[in-house]
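Here is how names work: the chains are called A, B, and so on, in the same order as the sequence lines, proteins then strands, and each is numbered from 1.
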Amino acid sequence: MTPQLTSQAADTTGRQAILDRLTLRPVRSAGLPTVDASKLTSFEEPLAKFTEMLQSVGGEVHLVDQPDQVTEILNQIEVFSNAQRVVSLVPEAVKGSFDLSKIHDPHDLAAVDWTIAKGEFGVAENGAIWIDGSTLPHRVLLFIAQYLAIVLSRREMVHHMHEGYARLGTPISRFGVFVAGPSKTADIEQSLVLGAHGCRALQVFLTP
Amino acid sequence: MNMLPIVDHPAAARPFVTNPDRAPWHDKALWFVRSKRDKQASSVPEWEYLRSLASQIKTATIANLGDYLTEFERNATALGAVVHWAADAEEHNRIVLKILRDHDTHRIVKSKSMLTEECGLNPFLEANGIDVVDTDLGERIVQLRHETPSHIVLPAIHLKKEEVGETFHEHLGTDEGAADPKYLTEAARGHLRDKFLAGEVGITGVNFAIAETGGFVVCTNEGNADLGASLPNVHIACMGIEKLVPRFEDLAVFLRLLARSATGQPITTYTSHFHGPRDSHSELHIVLVDNGRSRLRQSDAFRDALHCIRCGACMNTCPVYRRSGGHSYRATIPGPIGSVLSPTRDSSKHKSLPFACSLCGSCTDVCPVKIPLHHQLLAWRKEIGNLKLLSYDKRISMKMASLLFRSARLFSFAGWVGRASLKVLPHWATHHRLNTWTIARELPEPPKESFRHWYAKNRK
Ligand code: SF4
């Protein structure tokens, strides 16, 4: 689907001036390198490394045997059992209590307590989880909910970012994000505080 | 005569340096970040390999920048984004204002962007009646205090939590005297949520743009760029033209280096990839800004400074930055990289910055994209000498030193004079206001004999 563009076209006065200045002086380079995969560290147990890294950045990790155990575990968390508005994008794991079908304006999601999202794969070296924007009816769901849970299959692990991008290939969805832990800040005297603007905590459920 | 306000680093740093708690406290805070960086770097065995890949990729990008920019423009446009080009800061601001006017916007939410800072976007928009809210916590703090960021990654690193508490008490109504970072962050969270929900346009910076795909990446820990860009229908992304990488896979190299170098994290919490506007009701505008970058590309000596990915590692490690604070550089980008970049804009105004450096080389060691920072600073000193921008006392003393070092006899005579006068001169003769060297220090005890003398006796 091509988006409707506004009447406004881009201003082009600066364009030629910049491109002209960039051709004024030829600069040589050795060209683009290709990454030698044999020089990259991989892990004996990528799942264990992933779990360790995710915990180190503030994420909480749970291993489950079946998707329906996710709800059981979440119910033990007070902020979940008391939650009024849960958006679930993984219905086989958690039943949502918030109907997205009537939402057109993302601002109407301001009161969402929990979002349960689906992760595509995890990166062992840094604990990041790739979330494909096309699984999100509204991208803001990931950021506006007070709490976030991600359901991810533990078979979907890559060692490092190079493997991650190779797996994504091109082109990708309009939006995609690596999430590593809950939203955080250390802007006040370098003290780490979890829960800046996005989720206050991150629960990750690793399914078979 | 030069009428520009000259930035004199030593003078600008004085209040910070002479404050007995502030400088050591700041030094410690940054050393902590630097140590975290070291831990991360050493935990990646291929770290040096990644640095050289990053440097090679950047060299190739800058060499063919025009081609990559047009490739990026073509691909981004095909995805439905509108690409704008701005030759300088003024044009950038005009373009942004026009987009805002076209949408009759009065309130924007902005995520941290050193480029918009460089262009002076906030004061420009405010003068045009638009309410700008910076949403990065550190940036919001300095905005409320009418200050500028003192660091490119940690904008409020110069402030103590008590000072943040005061600011929040005044503007957000937090309890008087409250200084607990958790409590203050919670207050800011509530305050900024309202701003996010009221924002009509979201402005973000760009960490990397990809020529091959026409998309771009924004890295934050707080998630503010994402909230700001995914609530309103209009997203404006502002980027310097050097932010490009050629291929999608190149992101792997840079993302592995960026957060580790910046804050010592394995990766930022959110690394968001934007390819085109959100949906058919939304718009995405990308503003490509030159503002001196294409000119810098023409310089063989300083071209590599365009590799910078704004991680801040060179500041965190710099012994001068750590003790003098970011504001002493009087520039959007402080520290080693700022001292290279500022004189490229105006060498006369910023001529003291390349001298705010001990040439220890630590910045060059930590730079993830291998910019030879201390070599460039040394090159600037030469350049400033050639441009006759050195002050009279510096020029004369350098001439004399050069004479002295060229003649062995003169050198040993000067040594004797030095030792003798240190012994006999009274304090008032050495410590007076004409001798700036002794303002803050005592002179050393003179040695009994010269090294040359000792050597002749003992090592024959
Ligand atoms: S010059 Fe290097 S170390 Fe300094 S901010 Fe830029 S990339 Fe980081």
| task | Using a 4.5 Å cut-off on heavy atoms from C-beta on, say whether the side chain of A:L22 contacts that of B:L69. | result | yes
| When rounded to the nearest 0.5 angstrom, what is the spacing between CD1 in A:I188 and CG in B:L154? | 13.0 Å
| Any salt bridge between A:R200 and B:E186, counting N to O under 4.0 Å? | yes
| query | B:L53 versus chain A, heavy atoms under 4.5 Å apart: side chain, backbone, both or neither? | reply | both
| said: Only pairs of heavy atoms separated by less than 4.5 Å count here; which of A:L40, A:I131, A:T23 has the most with chain B? | reply: A:L40
| said: Is B:I141 close to chain A through its backbone or its side chain, or both, or neither, when contacts mean heavy atoms under 4.5 Å? | reply: side chain
| task | Could you tell me which portion of B:Y270 (side chain, backbone, both or neither) has an atom closer than 4.5 angstrom to a non-hydrogen atom of chain A? | result | both
| query | Rounded to the nearest 0.5 Å, what separation is found between the CG atom of A:L32 and the CG atom of B:N64? | reply | 8.0 Å
| field | Under 3.5 Å donor-acceptor, B:Q56 side chain and A:A30 backbone | value | no
| request: Name the region of B:L159, side chain, backbone, both or neither, that has any atom closer than 4.5 Å to a heavy atom of chain A. | output: backbone
| query | Which one, A:P26, A:G195, A:G59, A:G127, leads in non-hydrogen pairs under 4.5 Å with chain B? | reply | A:G195
| request: Sort B:L137 into side chain, backbone, both or neither according to what part of it lies under 4.5 angstrom from a heavy atom of chain A. | output: both
| Interatomic distance, A:K184 atom NZ to B:T269 atom OG1 [nearest 0.5 angstrom] | 3.0 Å
| query | With chain B, which of A:D36, A:V177, A:V123, A:L19 has the greatest number of heavy-atom pairs at distances under 4.5 Å? | reply | A:V177
| request: Return yes if some donor-acceptor pair links the side-chain N/O of B:E91 with the main-chain N/O of A:G14 below 3.5 Å, else return no. | output: yes
| query | Using non-hydrogen atoms only, which part of B:P246 is less than 4.5 Å away from chain A: side chain, backbone, both, or neither? | reply | side chain
| What part of B:I210 is in contact with chain A, defined as an atom under 4.5 angstrom from a non-hydrogen atom: side chain, backbone, both or neither? | neither
| query | If we ignore angles and hydrogens, is there a donor and acceptor under 3.5 Å between the side chains of B:S294 and A:R21? | reply | yes
| said: Is it the case that the side chains of B:R256 and A:H162 hold a donor-acceptor pair, with the cut-off being a distance below 3.5 Å and no angle test? | reply: yes
| Which atoms of B:R193 approach chain A - backbone, side chain, both or neither, heavy atom under 4.5 Å | side chain
| message | Please report the interatomic distance NZ(B:K112) to CG(A:D187), rounded to the nearest 0.5 Å. | response | 8.5 Å
| task | Say whether, by atom type as modelled, one donor and one acceptor occur between the side chain of A:Q190 and the main chain of B:A29 under 3.5 angstrom. | result | no
| With a 4.5 angstrom heavy-atom cut-off, which part of B:L192 approaches chain A: side chain, backbone, both or neither? | side chain
| message | So for B:L284, is it side chain, backbone, both, or neither that comes closer than 4.5 Å to the heavy atoms of chain A? | response | neither
| Side chain, backbone, both or neither: which part of B:T263 has an atom under 4.5 Å from a heavy atom of chain A? | neither
| Check: A:V35 main-chain N/O paired with B:Y49 side-chain donor or acceptor under 3.5 Å | no
| task | Return yes if a side-chain donor-acceptor contact under 3.5 Å exists between B:E222 and A:S183, otherwise no. | result | no
| message | Between A:K39 and B:E48, is the salt bridge (charged side-chain N to carboxylate O under 4.0 Å, His left out) condition met? List the steps. | response | CA-CA 11 Å; A:K39 291 201 169 125; B:E48 287 307 312; over 6 Å; no
| Going by the angle between their ring planes, with limits at 30° and 60°, are A:H197 and B:F196 parallel, tilted or perpendicular? | perpendicular
| Looking at A:L109, A:L142, A:V140, A:L24, which makes the most heavy-atom pairs under 4.5 Å with chain B? | A:V140
| note | Bottom line for B:R140: the part with an atom under 4.5 Å from chain A's heavy atoms is neither
| task | Please determine if B:D300 and A:R25 form a salt bridge, counting it only when a charged side-chain N lies under 4.0 Å from a carboxylate O. | result | yes
| remark: Value for CD (B:Q265) from CG (A:N126), rounded to nearest 0.5 Å, stands at 10.5 Å
| Proximity breakdown for B:V33 and chain A, heavy-atom pairs closer than 4.5 Å | side chain
